[in-house]
Amino acid sequence: MLPVDVRPDVIGRITCGSLTAADAESPVTLKGWVNRRRDLGGLIFIDLRDRFGLTQVVFNPEVDAGAHEIANKLRNEYVIQVDGIVRSRPEGTVNPKMATGEVEVEAHGITILNESKTPPFYINEEGDFDEALRLKYRYLDLRRPSMQNIMLLRHRVVKYMRDFLDDRGFVEVETPLLIRSTPEGARDFLVPSSAQPGEFYALPQSPQILKQLLMVSGLDRYFQIARCFRDEAQRADRQPEFSQLDIEMSFITPEDLMALMEQLMIEITENFTEKTIQQKPFPRMTYADALDRYGNDRPDLRYGMELQNVSHALRGTGFKAFAGVLEAGGQVKAIVVPGCGTYTRKQIDEITELAKSAGAKGLATIAITDEGVKSPIAKFLTETEITALTNGIGAGTGDLVLLVADQAPVVAKTLSALREEFGKRLELADPNVMAYAWIVEFPLLEWDEDGNRWDATHNPFCGYFEEDEALLQSDPGNIRSKQYDLVANGNELGGGSVRNHKRAQQEKVFDLMGLSEEIQMDRFGSILTALEYGAPPHGGIAFGLDRTIMLLAGEESIRDVIAFPKNNRGADVMFDAPAPVETGQLDDLGLMLKPAPIA
RNA sequence: GGAGGUGUGGUGUAGUGGCCUAACAUGCAGCCCUGUCAAGGCUGAGAUCGCGGGUUCGAAUCCCGUCACUUCCGCCA
C-alpha cells in the first residue's frame, strides 16, 4: 500500500527492510527486535524486525562461536544489534515472500541491547486480540506492522493535506484549547482555573468561532489539524477527543468549496488506497432526497435497496393499522430485501425486534415464495392491493418485502436501520469502493419539542439562501441552509457551510433559537461584534480526520487509527485516566467534591 | 440512562447438566537437530471456566445479581 522507506536513513543506519542482492559481501550493522528465532541446533536463524522490514540473520558456530553462543539466549522481542556481512543466500534458500529474501546477514557479533518479557499477545503475527489488552499494552500493539502501517498512512495523508492546502495559499493557525464554555451542543470538558477559583475553561468542541474570527482578520484561507473534545457517549466511530481537518475561506460560494475539497479527497483516495471512487464528480443529493430514499442523511450509496413509498397503493385500504397511519398524515414505505423470502419465523422476529428498537411499533413482512405470497398481514389486504404493492416496488420471487407504517421520521429511521442491517448481512457493499456524495440543502432549523424553540440543525452560524429570507417569519422549518456534508459509504466524513457574515443575519437566527439579546452577547458577543467590523463573506468545512483515515484504511473502529485512544467509557486504560486527584489540588482550585456521585 | 452480545491456561478457541481429573492450536520452559523462514521432533509446566449467590445428588453449562469489555438506542449545536 505504502512505498517502502529508502535507506540508509538520515543517521546512516541500515534498516531491516533495505538490503538487496547488490549489498552482498558488504559489512553491515543492523538493529532491531527479534521477530522470530529458528534454532536448528547448529545453525540459528533470526528474523530481525524494525519499522522498515525483516532481515534474516544467520548465526553459525563455525563463523563466530561467541555470537552463536549469545544467540542461544535470544527470545522474541529482544532488542539486539548484529554486526556481520551481507551474503547472498545459498542456492535454493531464497525466500521470495520476503522483501529482503535474496540476502541474509552472517553474524560476526551480537549485542543484546535489551531483553523482553514474553509479550501478552503476538506481535509477530496478526490476530484479533482482546481490545482491552491491546489498549493496556498499546505500545506493544503499535509495534505490530499492521498498526504501524495505519500510523504511517495517517501521517502521509495529513502531510498530503497540509501540502495541498499550502499550495493553494492556506495558512495553518493554531487556536487555543483553553476557551470558554458554551452550553450549546455537546457537553463540554471543563478545566478549572486556580487563578480564578470557581471559574472554568472549556476544551473546544471545534474551533468554529475562532476560525470565523480569522476570516474577519483577513487571513483569507485558514486550516488546522484541530483537536476537538466532546464529553458525550462513545461509539465505534466516536471518541471524546478527536481530530478535524478544519478549513475556512473568505469570499467563497458553496460550489467553490465543494470543488476544492472534492479534489483533495479524490487525490487522497487515489494516492493512498487501492479503492476506486464510485462516481466522479461526486454526486449531489438534497437532504430531503437522502431522507426519502435512504432514511438518513449519510447514505451508503454502494448498494440500492432504496426506501419506496407504497402509500398510494394502499390508499383506501381496509387494513386498519395502515389506514390509521395514512389518515393521521403518516406514510407506508418499504424496502425489498433480495433473496430473503425464505426467512423463518425466528429470523423475522429478530428483524422485527431490530425495527422496534429503531422506534417502529411493528414490522410488516411479505415473503414472495415459490408457493406464493406469505405474509402475516395478507388476510387484511386484498389481492389487488398486494399485487399493486409488490409489483410497484419491483419485488420478485424469493424476495422479502419489509413494510413500516408510521410518521415519516419513524419510517425513515426504521427502514434506514433495516437497510443497513441487510446491507451488512448480504454483503451488498463493495469494500473496495468509496462512494462519496455531497448532501446539500439541509433545513436551517428544526423544532425542538423539549425546548419549545427552533434549534440549528448544523451550527448556529450556518448561512441560509437569501430567497428563503421571507420564511424567517412564516415558516422557519423550511428555510434551506447553505450547508453541505460530505458522506462516504454510510459515514458523515465532514460538514460545513457558508456562514452568516452580517450581524443582523446572525441575530435573526439566534432570535429564532429563542436566545435573548443578553444571552446572545454573553455567549457569542465576540463573533457578533466582529461581524460589525467588515467581516467578509466566508465559509468552510471540517472533516473528521480519524473517520476519514478509518475509511481509507478499511478499519471498522476509529480506535484503530488513533495511537492512544480511549475505550468505550472514555477511559485511558494504560494511564488509568480519569483518576481522582489529591485534596490539595482541589483546594488550589477552590473545589469540593459532592459526597456521592449523582446517579 | 436503556437494550443486545461476549467473558474458559499467556493468546485465540472448543466444550450448552454427569463421559470435564476441562480439550485443541499457538505461545512458554527443557532436550534433540547445520539451511530454516508459521522450521521440525520429543518432554513438561500452565485455567479454582470474570466475581458473588441460588437451583440440582451433580454446574464452565441453568437461574438471579454484579463487574469488565463491546455493539446499538438516547446523546453527539
Side-chain angles (χ1 to χ4, degrees), chain A residues 35-48 54-63 68 75-77 87 89-98 100-101 104 106 117-137 140 182-188 205-206 208-209 228-240 242 350 353-354 356-359 413-414 417 420-421 424 444-446 448 450-451 453-462 483 492 495 497 509-510 513 515 523-524 544 556-557 559 567-569 571 573 598-599:
Chain A
N35 189 63
R36 221 174 264 282
R37 184 179 70 121
R38 292 178 295 277
D39 184 349
L40 274 62
L43 285 181
I44 297 175
F45 293 93
I46 297 286
D47 291 337
L48 196 63
L54 288 172
T55 300
Q56 174 164 283
V57 180
V58 198
F59 294 89
N60 188 331
E62 290 162 15
V63 170
H68 180 267
R75 295 293 180 268
N76 285 347
E77 302 310 316
R87 302 286 189 200
R89 292 201 188 182
E91 191 74 23
T93 65
V94 167
N95 185 349
K97 286 185 285 186
M98 280 177 89
T100 60
E104 62 193 8
E106 179 186 271
K117 293 167 73 172
T118 301
F121 47 83
Y122 305 125
I123 289 164
N124 54 14
E125 51 189 277
E126 293 304 326
D128 200 9
F129 311 118
D130 178 46
E131 199 175 357
L133 197 66
R134 288 175 55 201
L135 291 179
K136 183 176 176 189
Y137 296 95
L140 296 181
T182 49
E184 303 286 319
R187 187 183 297 123
D188 281 325
Q205 295 177 27
S206 80
Q208 180 63 37
I209 294 175
C228 306
F229 304 85
R230 292 177 192 175
D231 188 7
E232 296 289 350
Q234 311 316 311
R235 286 284 191 284
D237 62 352
R238 266 163 40 187
Q239 281 273 299
F242 60 99
E350 203 177 286
E353 278 311 306
L354 185 72
K356 284 180 178 169
S357 76
K413 180 147 189 271
T414 306
E420 290 182 352
E421 170 67 19
K424 268 190 211 134
L444 181 71
L445 299 162
E446 62 190 348
D448 174 8
D450 298 333
R453 65 187 183 98
W454 291 99
D455 203 1
T457 54
H458 177 54
N459 73 40
F461 309 105
C462 185
Q483 181 189 342
E492 182 195 327
S497 62
V509 177
F510 283 147
M513 290 171 60
L515 301 178
R523 292 182 194 167
F524 305 110
E556 294 195 343
S557 166
R559 295 184 294 271
N567 73 5
N568 219 18
R569 291 199 308 168
V573 294
I598 301 162

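Order of the sequence lines sets the chain letters (A, B, ...), proteins ahead of strands, with each chain counted from 1.
The aromatic rings of A/Phe461 and A/Phe510 sit perpendicular, their planes meeting at an angle over 60°, well past the 30° parallel limit.
In this structure, A/Glu131 atom CD and B/G12 atom C1' are separated by 16 Å, rounded to whole Å. Per the geometry, CD belonging to A/Gln234 stands 10 Å off P belonging to B/U70, to the nearest Å. A/Phe229 places its CZ atom 24 Å from the P atom of B/C75, with the value rounded to the nearest Å. If you take CZ of A/Arg38 and P of B/G41, they are 15 Å apart, rounded to a whole angstrom. Between A/Leu40 atom CG and B/C37 atom P the separation is 8 Å, expressed in whole Å. When the C1' atom of B/U71 is taken as reference, atom CG of A/Leu354 falls 12 Å away, rounded to whole Å. If you take CZ of A/Phe59 and C1' of B/G35, they are 15 Å apart, rounded to a whole angstrom. If you measure from atom CG of A/Asn124 to atom C1' of B/C28, you get 13 Å, rounded to the nearest angstrom.
Comparing the same atom, P, in B/U70 and in B/A29 gives a spacing of 31 Å after rounding to whole Å. Going from the P atom of B/G7 to that of B/U13 covers 9 Å, rounded to whole Å. B/A47 and B/G35 are spaced 38 Å apart, taking the P atom of each and rounding to whole Å. Nucleotides B/C69 and B/C57 place their C1' atoms 37 Å apart, quoted to the nearest Å. For the C1' atoms, the distance from B/C49 to B/U6 is 14 Å, rounded to whole Å. Annotation: B/C33 and B/U16 have their P atoms spaced 44 Å apart (nearest Å). Straight-line distance between the C1' atoms of B/A38 and B/U26: roughly 10 Å, to the nearest whole Å. Nucleotides B/A68 and B/A59 are separated by 23 Å at their C1' atoms, to the nearest Å.
Among the heavy atoms of the strands lying under 4.0 Å from A/Met98 is at least one base atom, whether or not backbone atoms are also near. A/Asp39 comes within contact range of at least one nucleobase, with a heavy-atom separation under 4.0 Å. Among the protein residues, A/Ile44 comes within range of no part of the nucleic acid, since none of its heavy atoms lies under 4.0 Å from any strand. Note on A/Glu104: a base of the nucleic acid sits closer than 4.0 angstrom, heavy atoms only. Using a 4.0 Å heavy-atom criterion, one finds that A/Arg37 contacts no nucleic acid atom at all. At the heavy-atom level, A/Gln205 lies nowhere under 4.0 Å from the strands shown. Using a 4.0 Å heavy-atom distance criterion, A/Pro90 is classed as a base contact. A/Arg235 comes within contact range of at least one nucleobase, with a heavy-atom separation under 4.0 Å.
Put simply, the side chain of A/Arg230 and the base of B/C76 share no donor and acceptor less than 3.5 Å apart. Between the base of B/U26 and the side chain of A/Glu125 there is no donor-acceptor pair shorter than 3.5 Å.
Checked by atom type and distance alone, the side chain of A/Arg37 never pairs as donor or acceptor with a backbone atom of A/Ile44 at under 3.5 Å. The backbone N or O of A/Thr182 lies less than 3.5 Å from a partner atom in the side chain of A/Asp188, making a donor-acceptor pair. With hydrogens and angles disregarded, no donor-acceptor distance shorter than 3.5 Å links the side chain of A/Glu106 to the backbone of A/Val63. Between the side chain of A/Arg453 and the backbone N or O of A/Met513, at least one donor-acceptor pair lies under 3.5 Å.
Here A/Arg238 does not reach the OP1 or OP2 of B/U70: none of its side-chain N or O atoms lies under 4.0 Å away. Between A/Lys136 and B/C69 there is no side-chain N or O to OP1 or OP2 distance below 4.0 Å. Here A/Arg36 reaches the OP1 or OP2 of B/A39: one of its side-chain N or O atoms lies under 4.0 Å away. Within the structure, every side-chain polar atom (N or O) of A/Asn95 is placed at least 4.0 Å from both OP1 and OP2 of B/U36. Listed pair A/Arg89 / B/G35 fails the phosphate criterion, with no side-chain N or O lying under 4.0 Å from OP1 or OP2.
Checking B/C42 for Watson-Crick or G-U wobble geometry (two distances, each under 3.5 Å) identifies B/G30 as its partner. Summarising the base pairing, B/A23 is matched to B/U13 through a Watson-Crick or G-U wobble pair whose two defining distances lie under 3.5 Å. Of the nucleotides present, none pairs with B/A60 by Watson-Crick or G-U wobble criteria with both distances under 3.5 Å. When both distances must be under 3.5 Å, the Watson-Crick or G-U wobble mate of B/A68 is B/U6.
Comparing B/C28, B/U11, B/U70 by their closest approach to the side chain of A/Thr118 singles out B/C28. The A/Ser206 side chain lies nearest to B/A77 when the options are B/G12, B/A77, B/G10. Checking B/G74, B/U11, B/U71 against the side-chain heavy atoms of A/Ala233 singles out B/G74 as nearest. Comparing B/G12, B/G35, B/C76 by their nearest atom to the side chain of A/Phe129 picks out B/G12. Residue A/Pro61 has its side chain nearest to B/U34 when only B/G12, B/A39, B/U34 are considered. Relative to the side chain of A/Phe45, the nucleotides B/A77, B/U36, B/U11 differ in distance, and B/U36 lies closest. In the set B/C76, B/A39, B/A29, B/A29 carries the atom at the smallest distance from any side-chain atom of A/Arg75. Here the side chain of A/Lys413 is nearest to one of B/G35, B/U26, B/C73, namely B/C73.
For the pair A/Asn60 and A/Asp455, both in contact range of RNA chain B, the more 5′-proximal nearest nucleotide belongs to A/Asn60. Taking the nucleotide of RNA chain B with the nearest heavy atom to each of A/Ala571 and A/Thr457, the more 5' of the two is matched to A/Ala571.
Between A/Arg238 and A/Glu232 there is no salt bridge, since no side-chain nitrogen of the basic residue lies less than 4.0 Å from a carboxylate oxygen of the acidic one.
Contact check for A/Leu515 versus A/Arg523: side-chain heavy atoms found under the 4.5 Å cut-off. Considering only heavy atoms from C-beta on, A/Arg559 stays 4.5 Å or farther from A/Asn567 through its side chain. Residues A/Asn95 and A/Arg89 have side chains in contact (heavy-atom distance under 4.5 Å, counting atoms from C-beta outward).
Judged by centroid separation below 5.5 Å and plane tilt below 30°, A/Phe121 does not stack onto the base of B/U11.
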